[in-house]
Amino acid sequence: MASLRPFTSQDASLRTRSHFLADALVLVAVAVIFWLLIRLSYGITEPFDQVSAPSTVSTDPANLPYYAARSLLRMFAALAVSTIFTFVYATAAARLRRAEKVLLPALDVLQSVPVLGFLSITLSVWLLLFPGTALGVEFASIFAIFTSQVWNMTFAFYQSLITQPRDLDEAARLLRLTKWQRFWKLDVPYGTIPLVWNGMMSFGGGWFFLIASEVISVNNRVYALPGIGSYVAAASQNEEIGRLLLAIAVMIVMVIGVNFFFWRPLTAWAERFRAGDTVTVEQQRSVVLDLLRRSVIPAIVTRALRPVGAGLERVTRPLGRADRPLRVNQARRRAGDVAFAVIVCGLIAFGLVRMLAYVNDHTGLEQFAVAAGLGMITFTRVLVLLIVGTLIWVPIGVWIGLSPKVTRFAQPIVQVLASFPANFLFPFVTLLLLQTGISLNIGGIFLMALGAQWYILFNVIAGAAAIPNDLREAAINLRLNRAQTWRYLYGPAIFASWVTGGITAAGGAWNASIVAEIVSYGDQTLTATGLGAYIAQSTAEGDFARTLVGVTVMSIFVVGLNRLLWRRLYGYAERRLSLT
Amino acid sequence: MAAPTAQTRTALIEAEHVSKSFPSADGSTLHVLDDVTVTLHEGEVVALLGKSGSGKSTLLRTLAGLIAPTSGDVRYRGKALNGANPGAAMVFQSFALMPWLTVQDNVELGLRAAGVPEKERHQLALEAIDQIGLDGFETAYPRELSGGMRQRVGFARALVLQPDVLMMDEPFSALDVLTSENLRGELISLWARPDFPTKCICIVTHNIEEAVLLADRVLVLGSNPGHIKAEVPILLPRPRDRRSPTFEAAVDRLYAILTGRDEKSAAERAATPGPLTHPLPDASVGGLAGLVEIVYAHGGQADLPDLADELSFQVDDLLPLVDAAQMLGLLEVEGAQAFLTETGRSWYTADILRSKEVFATLAVEHAPLVATIVKALQNSDGGALRDDFFRDLLRRGYNAEDTEKQLDIAIDWGRYGELFDYDANTGELVLSEVAAALTAMLIERDADSGS
């Protein structure tokens, strides 16, 4: 009978203890994080000399935890900067009529620009800004990660700002909220879910750039920052396979750890900002969040910070209310628009002329044609990658997505695979290529696919999981054979997801080509013909003009393909194949 | 025609000659409100009553300073508005609560914006929450509450600001019948309290009974473009009894005004009916058949308010059906009474093939857009045209959304009557054989009557 009485006094005391335990755990965790930050910041401000700066790091495994922590710190610093930038840029694009005309197209293009090509250009700026400390190189690396993840987040937040429900906007205006209050009570909460999810996706993609940006070669000089990426580079240089495997293990632990301690709780917490009644079937759960919720420390911190919030509300009051004037002076507005358009177009034209003149002086304008030709070669690689990736991963993705049991098991694995930086595996593939004698011209496709293909799988799984059960039952009931089921149900149902995955995979592949078309292991280097190799080579040689040409041409390829191909496919999918 | 007492009372919000138009898809302008003059006085409840598309919500938002009129002025206590109206608080149909704030925080939000110190704001919010019957729910999030409770939060959030004018945009139409009745009752008793700080209530509704129940004055809005069709003072003593003959008389009168053709539209109707002047009412063939069936079951005659009540329909749901039935000559409407015509009877009693033929004839004769499409298809090579052709045509008179709506209705009617077929993939409208035969018959008949 005892089993029928679950609420015993013992149970009650357990509860209070777990409460205390939660507090203790949270306190310890906070203390450890602070200690780590202090410890790591020593290294960053170390004196630095451009000439004697290390071009490689030690591969002693004992250093690995410290390197990993440094890398992690860079990732989070970039995420913080990205978030702040997102708030400012997206709000300006959504709220300022004229700024929108410039910021939005810029955002659109910057989203698809190959970030890696810019690394060398920005490095010299950062070195100039922070002479004498390692901060310059550090910032260049953080900046690289920032540029890889920020656009996605900004675009998501901008989207949420302009799709705010009209009634919430009207309520905010009629309640006479100040601009500051509106931002924190409406804009940010409404955008939290897309921001967090896109932040998580971008963070996963950011690892790739972290690895690529810790060893920067520019002007025939190599700068190496202490980090897991430079560790891998050094191990690859020294042909130490055991240490490479060790670094991969550490990397996997890091990806999973960040997911467990940061993103999981964050996405679960963000659920409270879901608008409307829709209770998602699959509630996001997180042990860490449960622990934090059970602890009283967050509440104490919130209470302590409340006067700060109130003070900020008071200080920002002069910024005015979040309302639009009903009457505008049309003539004055139009004059302003014209002046604005003239200035912007003038600046762009001037910049273009100067850029072309610069390219002409330093390498010659015919380089654009050369780069375009190489671009076609790289484009072929991207195309092969997409076709092969689709043939392999779509059936597997549908199989996984259709079975909830397999999905639950496979989804986290695919997530880790998608955010695991593929450039960690490059040394192994290079070794394989060297031994088998396969040309990098073909092997490069495989290298690019290592990172990019997962997006196809990931999205197809989600698409297949979203196929309504009654449609599947109808297909069985109608006795459709396998080919017919694919033709009439699976194909149309997952098409939109496949397009989404395809855009991301193609974008990732273009970016990856910069590091995948030149690879080395030990002192042997393989080079493929392509635009990625062109950019990588010109960067290493410090040929700024050719880097510029390469990056520009690649951007044109990516943006053009998005416009001509992907958007149309997506529009078709939205129009004709939407399940709702 | 203002209520006699209105002249002596202070005017709170005045809108003079307000017009509102939006640019439509093809560059021409779309008129939503046309020369509307409204004054809201102290001490009255005003209802803005109209069908959907009459611009009643647009008018309310203009009075609230949320949207700017294209021409005309809106003043609050004599001062022209240039931004959200400082004397107004709004209750929304969708509640418009911040889902991430608790009930307490939602109610405090407006006070916070006004810079009320924390302690005082807390106290005021608690009082408002108590007053509106929400005590105990202070720490709940809106999604945990039922629709009725959420709308109470909406009321508390508006009333805690002690606004001069309480604006309500169909506040009860998202709630079930019992809940909305309950809330309406509480609103009336709040309004009757001498210490109620709000001086005027303005409610937008499409529910005639709700208007009669609450308002001192009902402004009936007509459509295309929105204009004030009539102003009806409701002088019934409170509390009002739905079953009293005077109440029913007021409801019937408003029904008649709402369904009747006003002079403005009559002038338009004098011109040849065309797809732009005579939009198809938003009614499906199935809905029409249902309505005709019910009237048939009532012995060929039905009282519309009773019918709506019986079906627990809102006027917005019923009126497009009545309009469509009237347009096609299936029903005749006098005041609030609907009569089944001979045509309607024969349509309903015919077998499926015959009824399709009858419907096809009626649609070609009476539904301007259907007639236009059939005629255009006949004059085209091969009897096929792209839908974009008609879309362009319709855009001259409708906004993008209404254009799609009109096209959808015409396609629904045309498909049912087997007049033309529509291929959604290619966007092509193709003439059916039936239509060809039918027009041949009509031409023959015209020739007969001509000779």
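Labels below follow one simple rule: chain letters A, B, ... track the order of the sequence lines, proteins then strands, and each chain is numbered from 1. This structure is a prediction, so every number in the text was calculated from the model and none was measured.
Both the backbone and the side chain of B:L81 come within contact range of chain A, judged by heavy atoms closer than 4.5 Å. Residue A:R314 does not touch chain B at all, counting heavy-atom pairs closer than 4.5 Å. Residue contact with chain B, scored on non-hydrogen atoms closer than 4.5 Å, is absent for A:P165. Proximity to chain B (any heavy atom under 4.5 Å) is shown, for A:E170, by both the backbone and the side chain. Using a 4.5 Å cut-off between heavy atoms, B:Y141 touches chain A through its side chain atoms alone. When heavy atoms are compared at a cutoff of 4.5 Å, A:R575 does not approach chain B at all. There is no contact between A:R182 and chain B, counting heavy-atom distances below 4.5 Å. At a 4.5 Å heavy-atom cutoff, the contact between B:E118 and chain A is made by side-chain atoms alone.
Top candidate by heavy-atom pairs under 4.5 Å with chain A, chosen from B:G115, B:P142, B:A88, B:G154, is B:G115. Comparing B:A114, B:A158, B:P163, B:P86 by heavy-atom pairs within less than 4.5 Å of chain A, the highest count is held by B:P86.
Rounding to the nearest 0.5 Å gives a distance of 9.0 Å between CZ of A:R166 and CZ of B:F92.
Heavy atoms from other residues, nucleotides or ligands lying under 6.0 Å from CD of A:Q330 number more than 12. Applying the 6.0 Å contact sphere to NZ of A:K179 captures more than 12 heavy atoms from other residues, nucleotides or ligands.
Under a 3.5 Å cut-off, the side chain of A:R576 and the backbone N or O of B:A424 do not form any donor-acceptor pair. Side-chain atoms of B:R143 come within 3.5 Å of backbone N or O of A:R274 as a donor-acceptor pair. Using modelled atom types, one side-chain atom of B:N82 and one backbone atom of A:L326 make a donor-acceptor pair closer than 3.5 Å.
Using a 4.5 Å heavy-atom threshold, the side chains of A:L175 and B:L161 count as touching. At a threshold of 4.5 Å between non-hydrogen side-chain atoms, the residues A:R176 and B:R112 do not count as touching.
A pairwise comparison of heavy atoms in A:R173 and B:A84 identifies O-CB, 3.4 Å as the closest pair. Nearest approach of B:N85 to A:L174, heavy atoms of both residues: O-CD2, 4.0 Å. Between A:A171 and B:A96, the shortest heavy-atom contact is CB-O, 4.0 Å.
Contact annotation for residues 185-193 of chain A against chain B (heavy-atom separation below 4.5 Å, listed by residue number): A:K185, A:L186, A:P189, A:Y190. Within residues 103-110 of chain B, the residues approaching chain A closer than 4.5 Å by heavy atoms are, in numerical order, B:L109, B:G110.
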